[in-house]
Every structure is written in structure tokens, then in C-alpha cells.
Engineer: 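Mind looking over this structure? Questions follow.
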Amino acid sequence: MPDGTELRDAKKAFRAAARERRAVYHAEHGAGAGGRLRDIVLQAIPLPPGGVVSGYLPIDDELDPLPLLRAVIGRGHHACVPVVQGRGQPLVFRDWTPEAPLVEGVFGVSVPAPSAPERVPDLLFVPLLGFDRKGFRMGYGAGFYDRTLAGLRARKPVLAVGIGYAGQEVTAVPVGLHDEALDWIVTDREAIRIAV
Ligand SMILES: Nc1nc2c(c(=O)[nH]1)N(C=O)[C@@H](CNc1ccc(C(=O)N[C@@H](CCC(=O)O)C(=O)O)cc1)CN2
Ligand SMILES: Nc1ncnc2c1ncn2[C@@H]1O[C@H](COP(=O)(O)OP(=O)(O)OP(=O)(O)O)[C@@H](O)[C@H]1O
């Protein structure tokens, strides 16, 4: 069931404001943020040995997760990134390395070529527009990560780690029934473990 009108409007207003805040923070703090993020994640979060870790290829003013993904590969994990199949469908993930050939996917987002093997992540680094300390996030509004996390969590334990700038924190993200909470949020300043 889709969200009701009131929640949809609240989320829409939130998204517009969050985009602006992220752009301002990115312009001010973006340089070097990906390296700081990498160091904080590796210090705080135990990665599943030999596991599959998903990240993302940054768009707009997202915090750059590629230094982290390179480090994760260096420690023997598989890295992968999301591929949109279509509206209303969960994301799939394809293998990513710094050398991987990319093609243009849905929404003009770069994705690994179809020759890259599909993977099922054990740990997901999740992009976001805004987050709160309860572990709720908001994205671009297609519900891709909510749908994808719900599907994965029904099959096996996965760890969902939201990635964003400290300046993307809000008091409370408007949430609906479909919203899947994150297990951790890591910013360019700190790692926040969400209490269960
Ligand atoms: N880096 C990254 N990759 C990702 C995501 C993400 O949030 N970040 N996604 C997370 O789910 C999926 C892609 N989802 C997306 C959904 C909408 C738009 C988007 O820009 N939509 C508007 C354009 C708005 C604008 O540019 O002002 C549109 O539909 O026109 C982009 C990505 C998978 N890959
Ligand atoms: N598991 C699900 N099954 C069916 N519909 C869903 C599911 N998850 C989310 N939706 C629907 O998708 C729409 C968008 O959800 P929402 O506004 O939470 O997106 P978002 O979290 O900002 O986006 P994204 O996860 O793509 O970054 C809503 O109408 C929501 O009801």
C-alpha cells in the first residue's frame, strides 16, 4: 500500500529542504570527507569476514563512499553497487571494482556493465538525503532501499549502514509503515549505533 497523502507531502517538503542542506554541507566539508568516513567505519564496524558489501557510486552531493569501498576490497571483501531494475522493484547489486566498466542505468545513474556478476550483500552502505538518531532515513522517494532491505532481511541477517554528512541529521524523519530502520549511521564525524 502506498503512503497516504499527508505523509507523502511531509516527505516531499523534507526532501527539498534536505537536498539544500546537503548541498551546502557538501560544498563546505566535502573535501576529504570520504577518507574520514572510511577511517570511522573501519574503526567502528566489524565487517563480515569475506562478505559482500554494497556501496554506491556517488551522485549529486552525496558523501563519497569510494575510499571506503576500495579499503573494503583491500581487506578481501567483495564490493558491489545498486542497479535499479524498475519502479516498484527491489534493487539488484552488481560487482564493483575501481576498474569496472560502467554504463548508464535508470535515472542516468552509472552502474556496472551487465557483464558484472550479480551479488547479494551481507552489509549495505546506504545513501540518504537525511537521517535521525532512531535510524530512519529518507532517500529520493522511490522506496528502493526500503523494498530491498525488507526483501533481504526476510531471507538472512544483513547490516544496513546509512552514510551521510553530519549536517544531514534531523530531529525526526517522517516515517511510514514501509520504512526500514538502519542498524548504524556513519557520518564524516562519528559512527552512531542504533539501539534495537
Ligand atoms: N548514488 C546513489 N545510487 C543509487 C541510489 C542513490 O540514492 N544514490 N538509489 C537509491 O535508491 C538508487 C537510484 N535511485 C534514484 C532515484 C531517483 C533519482 C533522482 O534523481 N530522481 C529525480 C531527479 C531529481 C533531481 O535530479 O532533481 C527524478 O526522478 O527525476 C536518482 C536515483 C540506486 N542507486
Ligand atoms: N517494501 C515496500 N513495499 C511496497 N511499497 C513500498 C515498500 N517500501 C516503500 N514503499 C513505497 O515506496 C514509496 C516511497 O517510499 P519512501 O518515501 O520511504 O522512499 P525513500 O526511502 O525516500 O526512497 P529510497 O529508499 O529509494 O531512497 C512509498 O509510497 C512507499 O509506500
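Side chains are part of it too, since the values below use all heavy atoms of this structure and drop only hydrogens, waters and symmetry mates. First listed ligand is number 1; within each ligand, the first listed atom is number 1. Worth saying up front: this structure is predicted, and the values here are computed from it rather than measured.
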Engineer: Would you mind finding which of K12, H178, R15 brings a heavy atom closest to atom 17 (O) of ligand 2?
Structural biologist: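 Nearest heavy atom to atom 17 (O) of ligand 2 lies in R15.
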Engineer: Specify whether the nearest protein heavy atom to atom 2 (C) of ligand 1 is under 4.0 angstrom away.
Structural biologist: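 It does; a protein heavy atom is within 4.0 Å.
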Engineer: Taking P48's backbone N and O only, do any of them form a donor-acceptor pair with H77's side chain (distance below 3.5 Å, no angle check)?
Structural biologist: yes
Engineer: With P174, which of D132, L7, D3 fulfils side chain to side chain contact (heavy atoms under 4.5 Å, CB included)?
Structural biologist: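 In the set D132, L7, D3, the residue that makes a side chain to side chain contact (heavy atoms under 4.5 Å, CB included) with P174 is L7.
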Engineer: With atoms numbered from 1 as shown, which atoms in ligand 2 lie under 4.0 angstrom from a non-hydrogen atom of F144?
Structural biologist: 24 (P), 25 (O), 26 (O)
Engineer: May I ask you to list the atoms of ligand 2 that are less than 4.0 angstrom from any heavy atom of K11?
Structural biologist: 16 (P), 17 (O), 18 (O)
Engineer: Which one holds for R147 and ligand 2: side chain close, backbone close, both close, or neither close, with close meaning a heavy atom under 4.0 Å?
Structural biologist: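 It is both backbone and side chain that touch ligand 2.
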Engineer: I'd like to know if R8 contacts ligand 2, where contact means a heavy-atom distance under 4.0 Å to any ligand atom.
Structural biologist: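 Per 4.0 Å heavy-atom rule, R8 does not contact ligand 2.
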Engineer: Just need the protein heavy atom nearest to atom 9 (N) of ligand 1, so name the residue and atom and give the distance.
Structural biologist: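 Nearest neighbour among protein heavy atoms for atom 9 (N) of ligand 1, to 0.1 Å: Y145 CE1, 4.1 Å.
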Engineer: Counting only heavy atoms from other residues, nucleotides and ligands, does the tally under 6.0 Å from CD of Q85 exceed 12?
Structural biologist: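 Enclosed.
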Engineer: Any carboxylate oxygen within less than 4.0 angstrom of a Lys/Arg side-chain nitrogen, looking at R38 and D188?
Structural biologist: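 Answer for the salt bridge query: no.
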Engineer: Heavy-atom count check: over 12 atoms from other residues, nucleotides or ligands less than 6.0 Å from E6 CD?
Structural biologist: no
Engineer: Which option out of R19, R15, R87 puts a heavy atom nearest to atom 24 (C) of ligand 1?
Structural biologist: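 That would be R19.
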Engineer: Hey, does E62 come in under 3.5 Å of ligand 1, counting only N/O atoms on both sides?
Structural biologist: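 Among all N and O atoms of E62, at least one is under 3.5 Å from an N or O of ligand 1.
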Engineer: Scan residues 28-66 for pairs that pass ring pair (Phe, Tyr, Trp, His ring centres under 6.0 Å), counting only residues two or more places apart or in two chains.
Structural biologist: Y25-H29
Engineer: If the cut-off is 4.0 Å to any non-hydrogen atom of Y140, which atoms of ligand 2 fall inside it?
Structural biologist: 22 (O), 23 (O), 27 (O)
Engineer: Is it true that E180 lies under 4.0 Å from ligand 2, counting heavy atoms only?
Structural biologist: no
Engineer: So if I apply the side chain to side chain contact (heavy atoms under 4.5 Å, CB included) rule between D122 and each of L47, V158, L152, V52, which one comes out positive?
Structural biologist: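 Only match with D122 under side chain to side chain contact (heavy atoms under 4.5 Å, CB included): V52.
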Engineer: Can you check whether Q168 reaches F131 side chain to side chain, under 4.5 Å on heavy atoms?
Structural biologist: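 A side-chain contact exists here, since the closest heavy-atom pair is under 4.5 Å.
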Engineer: Under 4.0 Å from any heavy atom of M138, which atoms of ligand 2 are there?
Structural biologist: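 Those atoms are 22 (O).
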Engineer: Can you confirm, on distance only, whether ligand 2 has an N/O atom lying under 3.5 Å from any N/O atom belonging to A150?
Structural biologist: no
Engineer: Check ligand 2 against R137 and write out every atom of the ligand that is under 4.0 Å from a heavy-atom position of the residue.
Structural biologist: 21 (O), 24 (P), 25 (O), 27 (O)
Engineer: Can you tell me which portion of D179 lies within the under-4.0 Å heavy-atom range of ligand 2? Options are side chain, backbone, both, or neither.
Structural biologist: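 The part of D179 near ligand 2 is the side chain, not the backbone.
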Engineer: Identify the protein heavy atom lying closest to atom 21 (N) of ligand 1, giving its residue, its atom name and the separation to 0.1 Å.
Structural biologist: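 Its nearest protein heavy-atom neighbour is F107 CD2, 4.2 Å.
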Engineer: For L57, which part has a heavy atom under 4.0 Å from ligand 1: side chain, backbone, both, or neither?
Structural biologist: backbone
Engineer: Give me the residue, atom name and distance of the protein heavy atom closest to atom 13 (C) of ligand 1.
Structural biologist: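 Result for atom 13 (C) of ligand 1: V84 CG2, 3.6 Å.
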Engineer: Of all the non-hydrogen atoms in the protein, which one sits nearest to atom 5 (C) of ligand 1, and at what distance?
Structural biologist: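 Ranking protein heavy atoms by distance from atom 5 (C) of ligand 1, first comes P127 CG, 4.2 Å.
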Engineer: Is ligand 2 less than 4.0 angstrom away from at least one heavy atom of G141?
Structural biologist: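 Within the 4.0 Å threshold, so yes.
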Engineer: Quick one: pull up CG in L182 and CG in L128 and give me the separation to the nearest 0.5 Å.
Structural biologist: 7.0 Å
Engineer: With a 6.0 Å cut-off (strictly less than), is the heavy-atom count around CZ of R153, excluding the residue itself, greater than 12?
Structural biologist: yes
Engineer: Quick one: do D179 and R137 make a salt bridge, cutoff under 4.0 Å?
Structural biologist: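 Answer for the salt bridge query: no.
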Engineer: Can you tell me which residue and heavy atom of the protein come closest to atom 31 (C) of ligand 1, and the distance to 0.1 Å?
Structural biologist: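 Its nearest protein heavy-atom neighbour is Y140 CD1, 3.8 Å.
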Engineer: Check whether any side-chain heavy atom of V83 sits under 4.5 Å from a side-chain heavy atom of V92, and report yes or no.
Structural biologist: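 Side chain of V83 against side chain of V92, heavy atoms only: contact under 4.5 Å found.
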Engineer: Do R19 and L129 make a side-chain contact, defined as non-hydrogen atoms from C-beta onward lying under 4.5 Å apart?
Structural biologist: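 They are in contact (side-chain heavy atoms under 4.5 Å apart), so the answer is yes.
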Engineer: Would you mind telling me if ligand 1 is within reach of the side chain of A142, the backbone, both or neither, using heavy atoms under 4.0 Å?
Structural biologist: neither
Engineer: How long is the span from the CZ atom in R75 to the CZ atom in R70, to the nearest 0.5 Å?
Structural biologist: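 CZ of R70 is found 14.5 Å from CZ of R75.
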Engineer: Report, in ascending order of atom number, the atoms of ligand 2 lying under 4.0 Å from any heavy atom of Y145.
Structural biologist: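 Per the distance check, 24 (P), 25 (O), 26 (O).
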Engineer: Among protein heavy atoms, which sits nearest to atom 34 (N) of ligand 1, and what does the distance come to when rounded to 0.1 Å?
Structural biologist: P82 CG, 3.5 Å
